[in-house]
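All remarks here apply to the structure that follows.
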Number of protein chains: 2
Amino acid sequence: MPNVFVKVPEPTLRRLPWYLAYAKLARQQGETHLSSTQIAQKIGIDASQVAKDFSFVTVSGKTRVGYEIDELITTLEQFLGFTNCHKAFLFGAGSLGSSLLHDNGLTQYGLEVVAAFDIKVELVGTQINRIPIQHLDRFMEIQAQTGVQIGILTVPVNQAQEVADIMIAGGIKAIWNFTPFRIRVPEDIVVQNTSLYAHLAVMFNRLRGLLEEEKE
Amino acid sequence: MPNVFVKVPEPTLRRLPWYLAYAKLARQQGETHLSSTQIAQKIGIDASQVAKDFSFVTVSGKTRVGYEIDELITTLEQFLGFTNCHKAFLFGAGSLGSSLLHDNGLTQYGLEVVAAFDIKVELVGTQINRIPIQHLDRFMEIQAQTGVQIGILTVPVNQAQEVADIMIAGGIKAIWNFTPFRIRVPEDIVVQNTSLYAHLAVMFNRLRGLLEEEKE
DNA sequence: TAGATTGTTAATCGATTAACAATC
DNA sequence: TAGATTGTTAATCGATTAACAATC
């Protein structure tokens, strides 16, 4: 029996959205049932890996038939938190920050940015994609009113720690960190690091390895 | 002795940019030397982890003194491939794609997008941030001329596999995949998955775990 | 010398893979 | 029943942590 109190491994959490994306695609193509072996084949993951990952989620499949596709999608979306509406603030409406404000895809996945904060006077008072930009000084006050728990950090690197500290002081519980800086936070604060540059580094390294292999 | 042929673990590659970011910040603040224990403390990582990670890179520190900060930064940047100029194509100039075209930060980290491809006629022929958008049909021809090896995939989910196949057929060796879909590729192709939604899922799950803990 | 730091080698921990039992 | 699939339990693999030797 899957247990909500068992901590789901991070690699599993990162794979579950792949299964979901494939299931959605299969449904679009008219499928009604999906077996884990089928998913495994199509997206190139070990079948036992898929089975193991599903064991963390409360999905029930039928032998010889697989999973009912609508049920699978609903269950995965619910488990991953994509159906809930999570309100969030964004800190730093620079180029990366404003891109995120423009991205309507986030709402589909359960994240609604309700306000952005910056210190640039020319930005304060304006809106991006109907989301108001306020001065950072007003954050505490607005947070107290709304009780938002998620903060998106898109400030310049050298302000990352400082702004993170302000966020935490104001009551933010989870920080989605887009800066390449690893911020320090108390134990009871969740940090999700999403640095494009770190991913670039991995890709460059693997590409180099590939090219060296070919030389031999 | 560090060896270039030893495969560097992915977790290490993802941490190295953190050390780099901290080193740059420390230099800005006037530091000239940095010890690994100092880095470890400041960014909240085990000192032995930092030491182990550095063992993959050819950095040489001095006992009691640490690392010479300029040398450390140069070495890390070189190792991570941030100093080389890697040319890349972008596929799919939608909302996410055009955000990336606007982001000048990528050039700083060694990635230069030289052209974008799309199938929307109203986009073809225009430019974003001085980067020309071409019709996808012209990709093969342009690739043959330029020999670009990196492709950024920012098309809608249901076209991810199809466009990836075209990229590979044209000679792309590394795909930076921003779609939530896990594309299948031959063994000698590098894929770097960067799905914001996967990261969201991890964050939501950890946040939920946190809130449940507090209840008890 | 004493103390601090690098950097390696061994032990632990956790995730992945493989094997297999259960079910329809 | 035979075969295909779910889903669990055990074995393997790799990364992290801990211990410690080497160095200035």
Side-chain angles (χ1 to χ4, degrees), chain A residues 1-3 5-16 18-19 22-23 26 31-69 71-72 75-76 79 182 198 202 205-206 209, chain B residues 1-3 5-16 18-19 22-23 26 31-69 71-72 75-76 79 182 198 202 205-206 209:
Chain A
M1 196 190 76
N3 187 335
F5 294 98
V6 170
K7 208 187 167 196
V8 182
E10 188 166 325
T12 296
L13 285 171
R14 282 207 296 249
R15 279 189 299 267
L16 288 173
W18 286 334
Y19 309 147
Y22 178 68
E31 305 280 339
T32 59
H33 291 266
L34 215 55
S35 74
S36 67
T37 42
Q38 200 177 338
I39 299 176
Q41 262 180 29
K42 279 294 170 67
I43 67 174
I45 284 188
D46 240 59
S48 45
Q49 184 69 273
V50 179
K52 181 92 196 203
D53 288 341
F54 276 178
S55 76
F56 290 103
V57 189
T58 322
V59 287
S60 50
K62 284 196 190 108
T63 323
R64 290 216 55 187
V65 179
Y67 302 90
E68 209 270 298
I69 208 163
E71 199 192 309
L72 179 63
T75 310
L76 281 176
F79 184 84
R182 190 178 143 105
V202 178
N205 185 277
R206 297 295 181 236
Chain B
M1 197 188 76
N3 186 334
F5 294 98
V6 169
K7 209 185 166 197
V8 183
E10 189 166 324
T12 296
L13 285 171
R14 283 207 296 249
R15 278 188 299 265
L16 288 174
W18 285 334
Y19 309 148
Y22 178 67
E31 305 281 337
T32 59
H33 290 266
L34 214 55
S35 74
S36 68
T37 41
Q38 199 179 337
I39 298 176
Q41 262 181 27
K42 278 295 169 66
I43 67 176
I45 284 188
D46 239 62
S48 45
Q49 185 70 272
V50 179
K52 181 93 196 198
D53 287 340
F54 276 178
S55 75
F56 290 102
V57 189
T58 323
V59 286
S60 50
K62 286 197 190 107
T63 322
R64 287 216 56 186
V65 178
Y67 301 91
E68 208 271 298
I69 208 163
E71 198 192 310
L72 180 65
T75 310
L76 280 176
F79 184 84
R182 191 180 143 105
V202 177
N205 184 277
R206 297 294 182 235

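Hydrogens, waters and symmetry mates are skipped; everything else that's a heavy atom, side chains included, is used. Remember, predicted model here, so these are calculated numbers, not experimental data.
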Rounded to the nearest 0.5 Å, the CD1 atom of B/Ile45 sits from the CZ atom of B/Arg15 at a distance of 6.0 Å
Just the rounded figure in Å: distance from C1' of D/dT5 to CD of A/Gln38.
12 Å
Write down the atom of B/Ile39, the atom of B/Leu72, and the distance for their closest heavy-atom approach.
CD1-CD2, 4.4 Å
Taken to the nearest whole Å, CZ/B/Arg15 to P/D/dT17 is 8 Å
Separation of atom NZ in A/Lys52 from atom C1' in C/dC20, rounded to whole Å:
14 Å
Distance, rounded to the nearest Å, where A/His33 contributes NE2 and D/dT5 contributes P:
14 Å
Figure out the NZ/P separation between B/Lys7 and D/dC13, and round it to whole Å.
15 Å
As a test of reading the structure: which of C/dT17, D/dA15, C/dG7 is closest to the side chain of B/Tyr67, going by heavy atoms?
C/dG7
Can you measure A/Leu34 atom CG to D/dT6 atom P for me and round it to whole angstrom units?
9 Å
Could you tell me the separation between the CD atom of B/Gln49 and the C1' atom of C/dC13, rounded to a whole number of Å?
13 Å
Using whole Å, report how far CZ of A/Arg14 lies from P of C/dG14.
17 Å
Where do A/Lys7 and A/Phe56 come nearest, in terms of heavy atoms and distance?
O-CE2, 4.5 Å
From the set D/dT5, C/dT6, D/dG7, return the single nucleotide nearest to any side-chain atom of A/Ala51.
D/dG7
If you round to the nearest 0.5 Å, how far is CG of A/Asp53 from OH of A/Tyr19?
3.5 Å
Distance check: side-chain N/O of B/Ser36 vs OP1/OP2 of C/dT6, anything under 4.0 Å?
yes
Pick the closest DNA chain C nucleotide for A/Lys62 and for A/Pro9 by heavy atoms, then say which residue is nearer the 5' end.
A/Pro9
If you look at every strand shown and take non-hydrogen atoms under 4.0 Å, does B/Ser48 touch a base, only sugar-phosphate, or nothing?
base
Closest approach of A/Asp46 and A/Ala40, non-hydrogen atoms and distance?
C-CB, 4.0 Å
Check whether more than 12 heavy atoms from other residues, nucleotides or ligands sit under 6.0 Å from atom CD of B/Glu31, and answer yes or no.
yes
Secondary structure of DNA chain D per the Watson-Crick/G-U criterion (both distances under 3.5 Å; [ ] crossing, | other strand, . unpaired) is ..||||||||||||||||||||||
Reading DNA chain D from 5' onward, which residue's closest nucleotide shows up sooner: A/Thr37 or B/Thr12?
A/Thr37
Going by heavy atoms in the side chains, are B/Thr12 and B/Lys52 under 4.5 Å from each other?
no
